[in-house]
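Structure first, then comments.
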Amino acid sequence: MNRAPREVAVEAVSTGKPAPIATKSGFSGIDKRPRQGAVAVHWLGLEGDQIVDTENHGGLDQAVYCYCRQDYEWWTAELGLELAAGRFGENLTLSGITTADIAVGDRLTGGGLVLEVTSPRIPCATFAAHMDDSQFVSKFFRANRTGFYCRVINEGAVAVGDELGFSPFDGEPVPITELVERYGYRRLDAATLARFRAAPLHGETAAFLAEHYR
């Protein structure tokens, strides 16, 4: 786990519009396509990015989804497929960092934009349908290369080729990979619980911990 401050490169900026998909809702915005030029990033996400299932996706704590080029390279070897940027439904495809390096509260900054990591991406049936693989949810969990969601601390803009500064959280780290391994969060010892609750978690996760560990 490389926690050193450094620059990470933006390889792709992608947004999506509702499109037909073989799920209950029948539509999803998971099919993200790369954009050219600077794209504005607001409190609820990238300009032009449309979310269909607003109950489970989007919102202030899931405004921007990031995935890492190095993790894509692992999937290419695992699946024997070349995966284009945006294939996993991410808004930002980044190089120079991996999911395993990331913890809650880490920040990405550049050109006035400030993003703060909140949670891993939890895969769902829509993701499996998008990948045309009914087993992909379990594969994604097992690989523990989920990418990560961010809240927007300062609005700004982002473009392909930008360099974003990576600044690790200055408290005790809660790695994204650990959150995936412990998903459900019902069997946490006191020290782990305290560490989790001290980090700026996704609001729903923080509320769950407050409700179940009073």
Query raised in the report: Passes side chain to side chain contact (heavy atoms under 4.5 Å, CB included), N144 versus E181? Steps please.
Result: CA-CA 8 Å; N144 204 345; E181 290 166 355; 3.5 Å; yes
Mind listing the side-chain donor-acceptor pairs of residues 111-125 below 3.5 Å, one per line with the distance, residues two or more places apart or on another chain?
{"residue": "E116", "atom": "OE1", "partner": "R151", "partner atom": "NH1", "Å": "2.6"}
{"residue": "E116", "atom": "OE2", "partner": "R107", "partner atom": "NE", "Å": "3.1"}
{"residue": "E116", "atom": "OE2", "partner": "R107", "partner atom": "NH2", "Å": "3.0"}
{"residue": "T118", "atom": "OG1", "partner": "D61", "partner atom": "O", "Å": "2.7"}
{"residue": "T118", "atom": "OG1", "partner": "Y149", "partner atom": "O", "Å": "3.3"}
{"residue": "R121", "atom": "NH1", "partner": "Y65", "partner atom": "OH", "Å": "3.3"}
{"residue": "R121", "atom": "NH1", "partner": "F88", "partner atom": "O", "Å": "2.7"}

Requested in this report: Mind checking the CG-CD spacing from L209 to E204? Nearest 0.5 Å is all I need.
Outcome: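 So the CG of L209 and the CD of E204 are separated by 12.0 Å.
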Report task. To the nearest 0.5 angstrom, please state how far the CG atom of L81 sits from the CZ atom of R87. Result -> 8.5 Å
Report task. Just do the salt bridge (Lys or Arg N to Asp or Glu O under 4.0 Å) check on R3 and D101 with the steps written out, would you? Result -> CA-CA 6 Å; R3 303 288 294 150; D101 296 328; over 6 Å; no
Check whether any side-chain N or O of [X] sits under 3.5 Å from a backbone N or O of [Y] as a donor-acceptor pair, and report yes or no.
X   : Y   : answer
D49 : L46 : no
D71 : C68 : no
E82 : T76 : no

Requested in this report: Please work out whether the ring planes of Y183 and Y185 are parallel, tilted or perpendicular, with thresholds of 30° and 60°.
Outcome: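 Taking Y185 first and then Y183, their aromatic rings stand perpendicular (interplane angle over 60°).
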Do [X] and [Y] make a side-chain contact, defined as non-hydrogen atoms from C-beta onward lying under 4.5 Å apart?
X    : Y    : answer
P18  : S28  : no
E78  : K139 : no
V64  : V41  : yes
P20  : F27  : yes
I102 : I97  : yes
V104 : P200 : yes
L44  : H42  : no
R145 : Y67  : yes

Quick check: closest heavy atoms across [X] and [Y], and the distance to 0.1 Å?
X    : Y    : value
Q62  : H57  : NE2-CA, 3.5 Å
T99  : G147 : OG1-N, 3.1 Å
G89  : K32  : O-CE, 3.3 Å
P168 : D106 : CA-OD1, 3.3 Å
V152 : A63  : CG2-CB, 4.0 Å
R35  : E47  : NH1-O, 3.0 Å

Requested in this report: Taking the six-membered ring for Trp and the single ring otherwise, decide whether the centroids of W75 and F136 are under 6.0 Å apart.
Outcome: yes
Hydrophobic clusters here meaning ILVMFWY residues chained together by side-chain heavy-atom distances under 4.5 Å, can you tell me if [X] and [Y] are in one?
X    : Y    : value
V174 : M1   : no
F208 : V180 : yes
F140 : I21  : yes
L79  : V137 : no
F127 : Y72  : yes

Requested in this report: Give a yes or no on whether E73 atom CD has more than 12 heavy-atom contacts from other residues, nucleotides or ligands under 6.0 Å away.
Outcome: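 Yes, enclosed.
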Query raised in the report: Is the number of heavy atoms from other residues, nucleotides or ligands within 6.0 Å of CD (E7) greater than 12?
Result: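 Correct, the count exceeds 12.
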Query - All side chain to side chain contact (heavy atoms under 4.5 Å, CB included) counterparts of R187, not counting sequence neighbours - result: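 So R187 forms no side chain to side chain contact (heavy atoms under 4.5 Å, CB included) with any residue.
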Requested in this report: Name all residues meeting the side chain to side chain contact (heavy atoms under 4.5 Å, CB included) criterion together with T192; count only those two or more places apart in sequence or in a different chain, and write none if there are none.
Outcome: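 Listed in chain order: E178, R182, L188, D189, R195, F196.
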Query - N91 and S14 side chains, donor-acceptor separation under 3.5 Å - result: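 Short answer, no.
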Query - Side-chain donor-acceptor contact under 3.5 Å, T93 with E90 - result: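 Yes, because at least one side-chain N or O of T93 sits under 3.5 Å from a partner of the opposite role on E90.
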Report task. Using a strict 4.0 Å threshold on nitrogen-to-oxygen distance, state whether D31 and K17 make a salt bridge. Result ->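 Salt bridge between D31 and K17, a charged N being under 4.0 Å from a carboxylate O: no.
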Report task. With L108 as reference, evaluate V10, I153, L92, L94 under the side-chain contact (heavy atoms from CB on, under 4.5 Å) test and give the passing residue. Result ->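 Among the candidates, only L94 passes.
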Query raised in the report: Are T146 and I176 close enough, and set up right, to give a side chain to side chain contact (heavy atoms under 4.5 Å, CB included), and what steps lead you there?
Result: CA-CA 8 Å; T146 61; I176 289 297; 3.7 Å; yes
